[in-house]
Amino acid sequence: EKAGFDHFMLKEIHEQPKAYRDTMMGRIGADGKSVTLSKEIGMTTEQIRGISRVHIVACGTAFHAGLVGKTVIESLARIPVETDVASEYRYRSPIITPDTLVIVVSQSGETADTLAALREAKRNGARVLAITNVVGSSVARDADDVITTWAGPEIAVASTKAYSSQLIAFYLLGLYLAQERGTIEQAQVAEIVEAMHRLPDQVESILEQAELYKGVAEAVSKHDNLFFIGRGLDFAVAQEGSLKLKEISYIHSEAYAAGELKHGTLALIEDGIPVIALVTQEDLYEKTLSNIKEVKARGAHVLGIANAGYEDEVAKSVDETFSIPRTLPLLTPALSVVPLQLLSYHASLARGNDVDKPRNLAKSVTVE
Ligand code: F6R
């Protein structure tokens, strides 16, 4: 049932190209220039134009997908978005109006915190859209509209393909909302869609080099503390990378917005500490590189994850560089998360942990 892989997690990491294709299937117009979610979303164009704000609510890894979703929806559809952790959202009296679209994201569709937030949103009159991997789950049943991620069953406790398929769902949703609201040109939709179609093969090419991450994971596994840094979408992915590492390797790590380090955390950077730096956002290259220099100057051992074409520049400032194929900046999370998944997987193995069943965690958390 593990199809020749040692663990479900590794199998599921390798299933991502298929998960991307399946999640896109039937949702992109035959001309390749438009996105169709009219089967999933029952809102009229008028209703979509009337949305004044979006709240994305989820837990854990799904919350991290929601952080990417915020940037996607804001930049394409120009609607203000807030992303919240479900267990916080419910109790902070969020401002929910009938023209608020609440998007709940849940792999299992059974997470109690997320379900409670969904019900709170509905009580306040909001329309609720669910992004979930389980057809017929509680979240799917209670939501007004549902986008199913077709990642297939996820068995490993640590979420991999479900997260990355949630990203694909957000790209589709952002494009669809943008089309309906008239905030995007058809040529731009076509450009993004074309780049999305290339993602599965690009993930495949990262997976072909999966063994690259073994050695570095073994080195990382000898440390008790490390940092992930990045700016913009790289920061969102850094947070997911950090959670993945913590949950299965039990190594303490923190994800930092690269520009925020100098406001306190640099005190923790000492000789030899690993820092994993994501450098995939073109507009932020220079800024991130200057933050990398700050940690290097204090003795950090920096592993850089960079876009193909820019890796030589990054290599000048870091100790080891891993390159990922080039795509549009908005889409890079769907690629840059893959090396981080592999790194966590190998670090967990190197520490002799039960990769698929980490301590103290359940696949679906049905208590608040
Ligand atoms: C992390 C992980 C958890 C879940 C979280 C939400 O790998 O598995 O953080 O992402 O418990 O679960 P769902 O998405 O099922 O609501």
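As the structure lists them, so they are numbered: ligands from 1, and atoms in each ligand from 1. Atom set for the values below is all heavy atoms of this structure, side chains included, hydrogens, waters and symmetry mates excluded.
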Is the shortest side-chain N to carboxylate O distance from R92 to E82 below 4.0 Å?
yes

Out of A162, G109, C59, P358, the nearest non-hydrogen contact to atom 6 (C) of ligand 1 is supplied by C59

Answer with yes or no whether S364 contacts ligand 1, where contact means a heavy atom under 4.0 Å from a ligand atom.
no

Identify whether NZ of Lys or CZ of Arg in R351 sits under 6.0 Å from the centre of the six-membered ring of Y250 and within 45° of that ring's axis. no

Any heavy atom of K244 under 4.0 Å from ligand 1? The part involved is side chain

When distances are taken from atom 4 (C) of ligand 1, the protein heavy atom at minimum range is T61 N, 4.1 Å

Original post:
Are D144 and K122 ion-paired here, with the side-chain N under 4.0 Å from a carboxylate O?
Top reply: yes

The protein heavy atom nearest to atom 8 (O) of ligand 1 is V157 O, 3.1 Å

### Lys/Arg-Asp/Glu bridge criterion (N-O < 4.0 Å) met for D84, K70
no

re atom 11 (O) of ligand 1, the protein heavy-atom contact at minimum distance is V365 CG2, 4.2 Å

Let me see the working for T183 and L76 under side chain to side chain contact (heavy atoms under 4.5 Å, CB included), right down to the final yes or no. CA-CA 7 Å; T183 55; L76 300 176; 5.7 Å; no

One finds that the ligand 1 atoms under 4.0 Å from a non-hydrogen atom of A62 are 10 (O), 14 (O)

For S159, the atoms of ligand 1 under 4.0 Å from one of its heavy atoms are 7 (O), 8 (O)

Using the ring of each side chain (for Trp, its six-membered ring), is Y285 parallel, tilted or perpendicular to Y310, with breaks at 30° and 60°? parallel

of all protein heavy atoms, closest to atom 7 (O) of ligand 1 is E247 OE2, 2.5 Å

min-distance protein heavy atom vs atom 12 (O) of ligand 1 -> T111 OG1, 3.4 Å

Exercise. Using a strict cut-off of less than 4.0 Å between a Lys/Arg side-chain nitrogen and an Asp/Glu carboxylate oxygen, indicate whether R123 and E120 qualify as a salt bridge.
Key: yes

Next item on the list: Report yes or no: do T332 and T280 form a side-chain donor-acceptor pair below 3.5 Å?
Entry: yes

min-distance protein heavy atom vs atom 14 (O) of ligand 1 -> Q107 N, 2.6 Å

If we number the atoms of ligand 1 from 1 as shown, the ones under 4.0 Å from a heavy atom of G60 are 9 (O)

For S336 and L278 the tightest heavy-atom approach is CB-CD2, 3.9 Å

In this structure, atom 15 (O) of ligand 1 is nearest to the protein heavy atom S108 OG, 2.7 Å

Here the atoms of ligand 1 under 4.0 Å from any heavy atom belonging to A158 are 7 (O)

Any heavy atom of L361 under 4.0 Å from ligand 1? The part involved is neither

Using a strict threshold of under 4.0 Å (side-chain N to carboxylate O), is an ion pair present between E15 and K11?
yes

